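Structure record follows, encoded as structure tokens.
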Amino acid sequence: MSTDSTRDFVHEGYDVAYVQEKWLPVWDELAPFRSGRPEDLRPKKYVLDMFPYPSGDLHMGHAEAYALGDVIARYWVQKGFNVMHPMGWDAFGLPAENAAIKAGIDPAIWTDENIAVQKASMRRYACSFDWDRTFNTCDPEFYRWNQWLFIQLFERGLAYRKASNVNWCPKDQTVLANEQVIAGLCERCDTPVVKKKLTQWYFKITDYADRLLDDMSQLEGQWPEKVLTMQRNWIGRSSGANVSFTIERRTEPVTIYTTRPDTLYGATFFVVAADSDLAAELALGSSVEGKFKEYLEKIKSASDIDRLATDRPKSGLFLERYAINPVNGEKLSIWASDYVLADYGTGAIMAVPAHDQRDLDFARAMDLPVRVVVDTGEEDPSVSGVATAGNGELINSGPLNGKAKDEAIAFINEQLERDGLGKAARNYRLRDWLISRQRYWGTPIPIIHCPSCGEVAVPLDQLPVKLPDAAGLDLKPKGTSPLGGATDWVNVDCPKCGNPAKRDTDTMDTFVDSSWYFLRFPSSTDQTQAFSKEAVETWLPVDQYVGGVTHAILHLLYSRFVTKVLSDMDLLSFNEPFSRLLNQGMVVMEGAAMSKSRGNLVRLTDELATHGVDAIRLSMVFSGPPEDDIDWKDVSPSGSVKFLNRAWRLSGDITSAPGVDFTTGDISLRKATHRAVHDAGFAVESLRFNVAIARIMELVNAARKAVDSGCGPTDPAAREAVEAVAIMLSLVAPFTAEEMWERLGHQPSVALAGWPEVDETLLIADSVIAVVQINGKIKERIEVSPLISDHDLEIEALAHPTIIEALVSCGVVTRGHPQQVIETAPVIVAPPLLVVDVAGGVKVPGVYSLPADSRVTDAIKAAGGIEKGMDMSEINLARILRDGEQIYVDPLVATNAPKNTAVVRSVKKKSGPININRASVKELDALPGIGPVLAERIVKFRKVNGPFSLPEDLQKVSGIGSSKFAQFKSKIKV
RNA sequence: GCCCUCGUAGCCCAAUGGCAGAGGCAGAGGACUUAAAAUCCUCCAAGUGUGGGUUCGACCCCCACCGAGGGCACCA
């Protein structure tokens, strides 16, 4: 076939270009990744890659993300799961519209063309997507359900319109959500964002703030900690109190929010946000009104970027009005300033300069008094210029004097509530989600504005409200929606009263589309509903979500919100959409993000043409932990090519027939194979794909050696090894793997071959190196069977003169015969006796020791079973302990402990003998022959009858045998 | 300023508190070759950022510092 490219690829290997062409049609035919239909009995897995925006062809970032998602999806298919791994397009958005304006192409056509390009590239990249379920969000069949979702929220009061100061991007000529403003700049085009007072549509995500925060405990350990932290920061819950202050010459009091109600006596002035209605009202008609307007103009012209400079000097204006401190009746001067935000809390604060840095800065700038009310022992803030926020004793605070911070907060909250002056309150940084946009290429908001009925939802049977044709519309950004220009489209009759009315001309933020798209895949062709509840019950929640950390807040928070709303509507039975999240890193070049302007852009198509699909996929997966950035300068695709060739050559060397009985094969190669399959599988499940690849490479090396100079190519074990390589390799290098599978005499597709069954008896090594440590220092290494008994191992160890010598030098008396040392050793009081490692693990006298490959359940059994009432649901009883893994079984650990640590954890050994008059139940329990029950009885006895006078008393009280007692007599004292 | 994560051979990275090295890249030598490429074999290298602590034993746990990266940043 491709003779031209042969020169580039064939180095005693296979023709990559040819093989890539060869298998695609075969796979199209077999469709190995079509997910099961309702009657499928296999357990399900829903693996989802974040769907892309269709601008241009795929790039290196896509290549990494899809390679990673593919490993997971293909692995679960091999493991016999019914895997749904769908793909679609997030197809609405500004780039299409901007391209339309620039080149005059209909956004729909531009989008469709890009989707076609990307889809073809995904096929060539051998992504294991189930194409039967695909959709894109600009299809009316999708966005009608987007409109349906909007109406559901609207009818529940969760979608509403309000006028407020919003973020406005002057370049894109549209509003932005808070989440789309990064450091004062438009997320998309880096233009400084300005504030504009507009009436916009919002989703009431703040109603769900507590649940969005609290439900994160379900995600702990399953989502990157980083993302959870970012979401917590973003929601920004704080607790404090609302306190109402009387304002002179005003009938209504003003409520302020504070996190430090304990410092109420330290308030020395009062500040209102300069851009709030309250400030304008207070200034109205006063002598400072002129100055106030001037000040307001000045701060409005300051951009958000200026505002973000935290070291900016404080500015403000005295309004010549006063507030009355409710706790002591003091008159506080009222100031207007831009350091108080109008839309957080109530837009007004009490200022406590001694204990709040911002207030202190303002007080120093305006020469206002500072009163310390919490004595932290630090320097006086009015002198040091540093506010003290720490704990201390309350002073100058009337009834609060002498109390500690927490105590004072509780006390004052109670008092305020009793006197009707305030009460404990919570606040959030999170704002409602602004979802309307003044652009064309998005989902029309399905609302009709009627002069007499107000906002009326479009009846569900009239959905979708389709976008008017772009032709003939002026799409250029001009601050109002282009849809307003479609006169025929805008003017409709009110669905309620039938009188002339107008459609809402805004479109929805595209994050609305992606906030529920994962619910659509299970029933993507359903024309009667957004999603089939039954199908969603089958597939959701998503078992593994893969995508960039750039969506840590926006998309993931919105998706969680919408899921909770739908769950409240009883349309879903779960309240978190994504059980497990993997954030892949970025592909960078020499430490910097790739970009055309930087001149460090690596083009995916070039890389694929040079090295082939498999080598690029392998390089992406092998380069390091998936969440780390990949620096392409550190990546060696040609190294991947070499490895793939090595693996491929093996498949041609095997001379046995398919179906041969592996159990008769060479035992040492079989052990290597089963160890590799076991470890690689474990690594994939732990998302440590780079480690999984390393295990496959090891097996390739072992197989090569075995074929060349070991058991030879005819041995069944050689076939077993190479077949295992092909199957494992199919997760990352599908073309190579398929080619190998064929050369091994099998029918396609290797993707469906099934993950090799691990024979656990083959996981036990022939022999292990036991490391003998004395006082923690390695003294000797001896090769022994992993099945050796403790006793025999001790004898082996003591046969070495170096060991005897080391024991003598640390105070162990030898009496000529090694065996006698064993008997005397436990009596030595010097804590480290003889610590013998087995196969990298440890055996310590007094700790349960189990044979190699025991499971957690065996450990619990050895320790006498499980206490009543223990919650075992979080404990993986089937987990195999590593050879000689040192474990400590603690049946007294309470429920709710983190996974796998409730009963099994590393030994923390106490040094020296235990004082039985002070020992806890746990410490006594650890002694041989004393279980938890007995330990408890001993402690109770001690409480009733006073301390033991001799160690021997313990034996009498507990009634244990003297031989048992002798075992730990040396480890206790009084 | 606050919070989080990470510092292991020249490089990318492994290592349940128990032999510091699994794998790869780069490098050196050898076999094959007229030669080169490719292939195969062998070898090379750090004592885990620094200083303390806990432990019989620390890359791993704790504290401080240094360095890198990320998040938040007038949210009262």
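Since we're looking at a predicted model, the values are computed, not measured. Order of the sequence lines sets the chain letters (A, B, ...), proteins ahead of strands, with each chain counted from 1.
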Using whole Å, report how far [atom1] of [X] lies from [atom2] of [N].
X: A/L430; N: B/rC72; atom1: CG; atom2: C1'; answer: 15 Å
X: A/F643; N: B/rC12; atom1: CZ; atom2: P; answer: 22 Å
X: A/E627; N: B/rC13; atom1: CD; atom2: P; answer: 11 Å
X: A/M620; N: B/rC13; atom1: CE; atom2: P; answer: 15 Å
X: A/F689; N: B/rA14; atom1: CZ; atom2: C1'; answer: 16 Å
X: A/K705; N: B/rC40; atom1: NZ; atom2: P; answer: 12 Å
X: A/N583; N: B/rG71; atom1: CG; atom2: C1'; answer: 13 Å
X: A/L341; N: B/rA73; atom1: CG; atom2: C1'; answer: 12 Å

Could you give the distance separating [M] and [N] at their [atom1] atoms, to the nearest angstrom?
N: B/rC63; M: B/rG71; atom1: C1'; value: 24 Å
N: B/rC60; M: B/rG47; atom1: P; value: 16 Å
N: B/rA38; M: B/rA15; atom1: C1'; value: 34 Å
N: B/rG51; M: B/rG7; atom1: C1'; value: 16 Å
N: B/rU48; M: B/rC4; atom1: C1'; value: 22 Å
N: B/rU55; M: B/rG1; atom1: C1'; value: 37 Å
N: B/rU50; M: B/rA58; atom1: P; value: 15 Å
N: B/rA26; M: B/rC66; atom1: C1'; value: 29 Å

Inset, instruction - Return the set of residues passing salt bridge (Lys or Arg N to Asp or Glu O under 4.0 Å) with A/K705 (not counting sequence neighbours), or none when no residue passes. - result: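 For A/K705, no residue satisfies salt bridge (Lys or Arg N to Asp or Glu O under 4.0 Å) once neighbours in sequence are set aside.
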Legend entry - salt bridge (Lys or Arg N to Asp or Glu O under 4.0 Å) partners for A/E698, two or more places apart: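 With sequence neighbours excluded, A/E698 shows a salt bridge (Lys or Arg N to Asp or Glu O under 4.0 Å) to A/R695, given in chain and number order.
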Of all the choices, [options], which nucleotide is nearest to the side chain of [X] once you look at every atom?
X: A/R704; options: B/rA76, B/rC72, B/rC41; value: B/rC41
X: A/S238; options: B/rC72, B/rA14, B/rA76; value: B/rA76
X: A/Y344; options: B/rC72, B/rA76, B/rC13; value: B/rA76
X: A/K226; options: B/rA76, B/rG70, B/rC13; value: B/rG70

Legend entry - Any A/Y339 side-chain N or O less than 4.0 Å from OP1/OP2 of B/rA76: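 Looking at the OP1 and OP2 atoms of B/rA76, neither is under 4.0 Å from any side-chain N or O of A/Y339.
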Legend entry - Phosphate OP1/OP2 of B/rA38: any A/R649 side-chain N/O under 4.0 Å: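 No, because none of the side-chain N or O atoms of A/R649 sits under 4.0 Å from OP1 or OP2 of B/rA38.
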Legend entry - Check: A/S337 side chain, A/S315 main-chain N or O, donor-acceptor pair, under 3.5 Å: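 It does hold such a pair.
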Inset, instruction - Report yes or no: does A/Q357 contribute a side-chain atom to a donor-acceptor pair with the main-chain N or O of A/A387 at less than 3.5 Å? - result: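 Here the side-chain-to-backbone pair exists.
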Does the structure show a Watson-Crick or G-U wobble partner for [N], both distances under 3.5 Å? Name it, or say none.
N: B/rA9; answer: none
N: B/rA28; answer: B/rU42
N: B/rA35; answer: none
N: B/rU55; answer: none
N: B/rU16; answer: none
N: B/rC72; answer: B/rG1
N: B/rU48; answer: none

Legend entry - A/D629 or A/G236, whichever maps to the more 5' nucleotide of RNA chain B: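 The residue mapped nearer the 5' terminus is A/D629.
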Inset, instruction - Tell me which of A/D628 and A/A273 sits closer to the 5' end of RNA chain B, going by the nucleotide each one is nearest to. - result: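 The answer here is A/D628.
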Legend entry - Donor + acceptor pair across side chains of A/T206, A/D432 (<3.5 Å):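 There is such a pair (donor and acceptor under 3.5 Å, judged by atom type) between the side chains of A/T206 and A/D432.
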Inset, instruction - Consider only side-chain N and O atoms of A/R646 and A/N701, and report whether a donor and an acceptor are under 3.5 Å apart. - result: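 The criterion, which ignores hydrogens and geometry beyond distance, is satisfied for A/N701 and A/R646.
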Legend entry - side-chain contact (heavy atoms from CB on, under 4.5 Å) involving A/S640 - partner list, sequence neighbours excluded: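 Partners of A/S640 by the side-chain contact (heavy atoms from CB on, under 4.5 Å) criterion, ordered by chain and then number, come out as A/A615, A/L618, A/S619.
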Inset, instruction - Quick one: label A/T259 by what it contacts on the DNA or RNA (base, sugar-phosphate, nothing), any heavy atom closer than 4.0 Å. - result: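 Counting heavy atoms under 4.0 Å across all strands, the contact made by A/T259 is with sugar-phosphate only.
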Inset, instruction - Using the test ring pair (Phe, Tyr, Trp, His ring centres under 6.0 Å), find all partners of A/F362 that sit at least two apart in sequence or belong to another chain. - result: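 Here the qualifying residues are A/F269, A/W335, A/Y339.
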Tabulate protein N/O versus nucleotide N/O from nucleotides 22-24 of chain B, keeping only pairs under 3.5 Å, one per line.
{"unit_1": "B/rA22", "atom_1": "O2'", "unit_2": "A/R695", "atom_2": "NH2", "d": "2.9"}
{"unit_1": "B/rA22", "atom_1": "O2'", "unit_2": "A/E698", "atom_2": "OE1", "d": "2.7"}
{"unit_1": "B/rA22", "atom_1": "O2'", "unit_2": "A/E698", "atom_2": "OE2", "d": "2.8"}
{"unit_1": "B/rA22", "atom_1": "N3", "unit_2": "A/R695", "atom_2": "NH2", "d": "3.2"}
{"unit_1": "B/rG24", "atom_1": "OP1", "unit_2": "A/N701", "atom_2": "ND2", "d": "3.4"}

Name each donor-acceptor pair under 3.5 Å that joins a side chain in residues 224-231 of chain A to protein atoms two or more places apart or in another chain, with its distance.
{"unit_1": "A/T229", "atom_1": "OG1", "unit_2": "A/E225", "atom_2": "O", "d": "2.8"}
{"unit_1": "A/Q231", "atom_1": "OE1", "unit_2": "A/R560", "atom_2": "NH1", "d": "2.7"}
{"unit_1": "A/Q231", "atom_1": "NE2", "unit_2": "A/A552", "atom_2": "O", "d": "2.9"}

Inset, instruction - With syn defined as a glycosidic angle within 90° of 0 and anti as everything else, classify B/rG71. - result: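 Anti.
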Legend entry - A/F682, CZ atom: more than 12 neighbouring heavy atoms under 6.0 Å: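 No, CZ of A/F682 has 12 or fewer neighbouring heavy atoms, counting only those of other groups under 6.0 Å.
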